[in-house]
Structures are given as structure tokens and as C-alpha cells.
Number of protein chains: 2
Amino acid sequence: MTSRETNPNFMNGVPELLILRLLNEKEMYGYELVQAIRERTDAVVAVGEGVVYPVLHGLESDGALKSRRKTVNGRSRIYYSVTARGSRRLADLSETWTNLAGAIHRMLMGGQSAEAV
Amino acid sequence: MTSRETNPNFMNGVPELLILRLLNEKEMYGYELVQAIRERTDAVVAVGEGVVYPVLHGLESDGALKSRRKTVNGRSRIYYSVTARGSRRLADLSETWTNLAGAIHRMLMGGQSAEAV
DNA sequence: CCACCATACCTTGTAATTCGATGTATTGCA
DNA sequence: TGCAATACATCGAATTACAAGGTATGGTGG
């Protein structure tokens with residue numbers, strides 16, 4: 001059980017997904033991610049620092065992210081970016097999410113009649 | 001803390017949502033729900049009895065569901081159907097889910113460019 | 001008649017997440 | 001000087017979902 005071998009909660013991992021998605025575009029630091037997620041989702045998703053930092057640490061120790069320190073305006077920041085492994089993880093989570101959202105959407109919209117293929 | 005007053009996990013409650021959705025069409029019993037969810041989602045969502053029964057009990061004690069016993073072929077079943085309160089809950093959860101899925105979808109699809117309003 | 005599988009209900013322990021609160025330290029501004 | 005924003009971090013509590021197991025009945029095949 002290095003990490004996520006067992007069947008995880010099929011719902012969770014959304015913060016992880018969003019973080020990977022953002023970092024896949026450009027390197028960012030934790031505090032920035034917290035605000036970016038809030039802004040980009042119009043506050044529909046609002047994860048706190050208590051969520052973001054542990055996820056970042058977990059992803060890094062899994063080799064999905066790499067980090068580098070950088071001091072800007074006397075502010076010490078830790079910038080994260082995705083590795084090849086992180087890219088794969090992002091693709092995986094992305095697909096899983098899309099399938100899940102699709103299935104649920106179909107159930108919510110679709111009537112009780114048998115679906116046409 | 002009657003039940004869900006605090007800010008819950010923004011992700012959870014999908015089993016609850018699906019169960020309410022199915023029961024809103026016609027009354028069903030637990031065992032039937034387990035199979036219906038599996039079939040209707042092509043096994044993308046596969047909740048077990050250990051998930052369904054506690055949710056049913058919780059919803060009933062919250063007044064969102066009502067139940068009646070019925071014996072069919074010597075099989076004793078407990079059929080559940082949604083109350084007015086359950087209908088409201090379904091509408092709420094439905095909207096919350098739609099917002100959430102929409103926000104995430106936008107993040108997954110949308111590029112880094114500033115979104116046009 | 002017995003064994004077995006499907007039906008039908010239920011509970012318990014465990015694992016994984018997420019959340020809120022809190023703590024530290026620095027910078028800039030009033 | 002004091003306060004807000006920045007930037008990192010961790011802890012405890014709560015919620016949830018899951019797997020596994022437990023009970024009981026009915027039908028079917030040997």
C-alpha cells in the first residue's frame with residue numbers, strides 16, 4: 001500500500017484533480033492555488049490551505065510534483081510543477097471524473113424510459 | 001447539529017442524490033436500488049448495500065423519505081418513496097451537483113486564457 | 001431432504017478525505 | 001506601532017464511503 005492502491009472513495013480527489021490541472025499549465029505555489037481555485041470556479045469550489053498543502057506534499061512524495069524554492073519580494077515561495085508521472089495522474093483523474101460526471105448527469109436528466117443506445 | 005447544518009464535504013452526497021432521484025420516479029426497496037444504480041450508470045457508480053441502507057435510514061429519519069412494508073412472493077421488502085421534503089432535498093442536491101460539475105468541467109476544459117464573460 | 005444460491009435486510013470497523021482552527025513569520029501600509 | 005495580507009504548515013474533528021460480515025427466507029437441483 002504505497003498510497004492509493006485500494007478502491008478509494010469514488011467521489012474524492014477533486015482538490016487533487018484541480019491542483020494538478022492548474023499546475024499543468026504553469027508552476028504555482030500553495031497560497032496562489034487556494035485563490036486560483038476559488039476564483040476560477042466562482043467560489044463553487046473553495047478549498048482551504050488545510051486541504052491544499054497536504055495534497056501538495058502527498059503528490060510530491062508520490063513523485064507527481066516537483067518543487068523549487070523561489071524568493072520574490074522577500075516572500076519565500078515554494079513553486080510546484082507536474083512531473084511526467086503527475087501528467088499521467090492528471091489524465092487518469094480527468095477521465096475518471098468525466099465518466100463519473102457523465103453517468104450522474106445521465107441519471108439526473110434521463111427519464112425512466114430505457115435509454116436508446 | 002440536527003444534521004447537515006455545517007458546511008459538508010462539497011463533494012459528498014452523491015449516493016444520496018442518486019437514491020433520491022430514483023425514488024422520485026417510483027418507490028423502490030434497498031436491494032433494488034443497489035442494482036438499479038449499478039445498471040443505470042453502467043457500473044461507473046457501484047454503491048454497495050453498506051452505503052444504501054444507512055442512507056435510506058438517514059433520509060427517512062430526516063423526513064425526506066417514507067417507507068412501507070410489503071411482502072412479495074414471501075419476500076419482505078421495505079419500499080421507500082420521497083416526501084415533499086425529500087423532493088426539496090433532491091432539487092437542492094441536484095442544483096448543487098450541477099453547479100459543481102459545471103465549475104469543474106470549465107476548469108478542466110478551459111485554457112489558461114481569461115474567460116470571456 | 002439437503003445444499004446452495006439469490007434475495008433482502010442490517011451493522012460494524014476501517015480507511016480516506018476534507019474542513020476549520022490555529023500557529024509561525026514576513027512585508028507593506030496607515 | 002498595529003493591522004492586514006502574504007505564505008508556509010499542522011492538528012483534531014467530522015463525515016463518508018466501503019468491505020466484510022451476519023441474519024433469514026425462498027426456490028432449485030441433486
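Quick caveat, the model's predicted, so the values are computed rather than measured. Within every chain, numbering begins at 1; the chains are lettered A, B, ... in the order of the sequence lines, protein sequences first and strands thereafter. FYI, side chains are in, hydrogens and waters are out, and symmetry mates aren't considered; it's all heavy atoms of this structure.
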When you get a sec, tell me which of [options] is the closest nucleotide to the side chain of [X]?
{"X": "Y80(A)", "options": "dC8(D), dC10(C), dA9(D)", "value": "dA9(D)"}
{"X": "P54(B)", "options": "dC19(C), dT11(C), dT10(D)", "value": "dT11(C)"}
{"X": "R75(A)", "options": "dA7(D), dT25(D), dC9(C)", "value": "dA7(D)"}
{"X": "Y31(B)", "options": "dA6(C), dA7(D), dC10(C)", "value": "dA6(C)"}

Salt bridge check: are [X] and [Y] linked by an N-O gap of less than 4.0 Å?
{"X": "E27(B)", "Y": "R68(B)", "answer": "yes"}
{"X": "E25(B)", "Y": "R40(B)", "answer": "yes"}
{"X": "R89(A)", "Y": "E16(A)", "answer": "yes"}

Could you tell me the separation between the [atom1] atom of [X] and the [atom2] atom of [N], rounded to a whole number of Å?
{"X": "E16(A)", "N": "dT17(C)", "atom1": "CD", "atom2": "C1'", "answer": "11 Å"}
{"X": "I37(A)", "N": "dC19(C)", "atom1": "CD1", "atom2": "C1'", "answer": "14 Å"}
{"X": "L59(B)", "N": "dA17(D)", "atom1": "CG", "atom2": "C1'", "answer": "15 Å"}
{"X": "I19(A)", "N": "dT17(C)", "atom1": "CD1", "atom2": "P", "answer": "13 Å"}
{"X": "E60(B)", "N": "dC10(C)", "atom1": "CD", "atom2": "C1'", "answer": "14 Å"}
{"X": "Y53(A)", "N": "dC19(C)", "atom1": "OH", "atom2": "P", "answer": "15 Å"}
{"X": "R68(A)", "N": "dC8(D)", "atom1": "CZ", "atom2": "P", "answer": "13 Å"}
{"X": "L56(B)", "N": "dT16(D)", "atom1": "CG", "atom2": "P", "answer": "15 Å"}

Inset, instruction - Heavy atoms only: give me the nearest N24(A)-S87(A) pair and the separation to one decimal. - result: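 Smallest heavy-atom distance, with atoms named: OD1-OG, 3.7 Å.
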Legend entry - For the student: nearest non-hydrogen atoms of T83(B) and G63(B), plus distance: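 Heavy atoms of T83(B) and G63(B) come nearest at OG1-O, 2.6 Å.
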Inset, instruction - Select from H57(B) and N73(A) the residue whose nearest nucleotide in DNA chain C is closer to the 5' end of that strand. - result: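 Comparing both residues, the 5'-ward one is H57(B).
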Inset, instruction - Between E49(B) and V55(A), just flag the one whose closest nucleotide in DNA chain C comes earlier from the 5' side. - result: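 Checking each residue's closest nucleotide, the 5'-ward one belongs to E49(B).
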Inset, instruction - For G50(B), report the nucleic acid contact type (base, sugar-phosphate, nothing); a contact means any heavy atom under 4.0 Å. - result: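 Base contact.
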Legend entry - Touch class at under 4.0 angstrom, heavy-atom based, for R77(A) against every strand present: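 It contacts sugar-phosphate atoms only.
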Legend entry - Q35(A) vs dT6(D): side-chain N/O to OP1/OP2 distance below 4.0 Å: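 Q35(A) to dT6(D) OP1/OP2: side-chain N or O found under 4.0 Å.
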Inset, instruction - Could you grab the distance from atom CG of L20(B) to atom CG of L90(B), nearest 0.5 Å is fine? - result: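 Separation between the atoms: 5.5 Å.
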Inset, instruction - Enter the distance from K26(B):NZ to M28(B):CE here, rounded to the nearest 0.5 Å. - result: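 Here the interatomic distance stands at 4.5 Å.
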Inset, instruction - Would you mind reading off the bend of the helix from dC1(C)-dG30(D) to dA30(C)-dT1(D) from its two end axes, five pairs each, to 10 degrees? - result: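 Axis angle across the helix from dC1(C)-dG30(D) to dA30(C)-dT1(D), nearest 10°: 0°.
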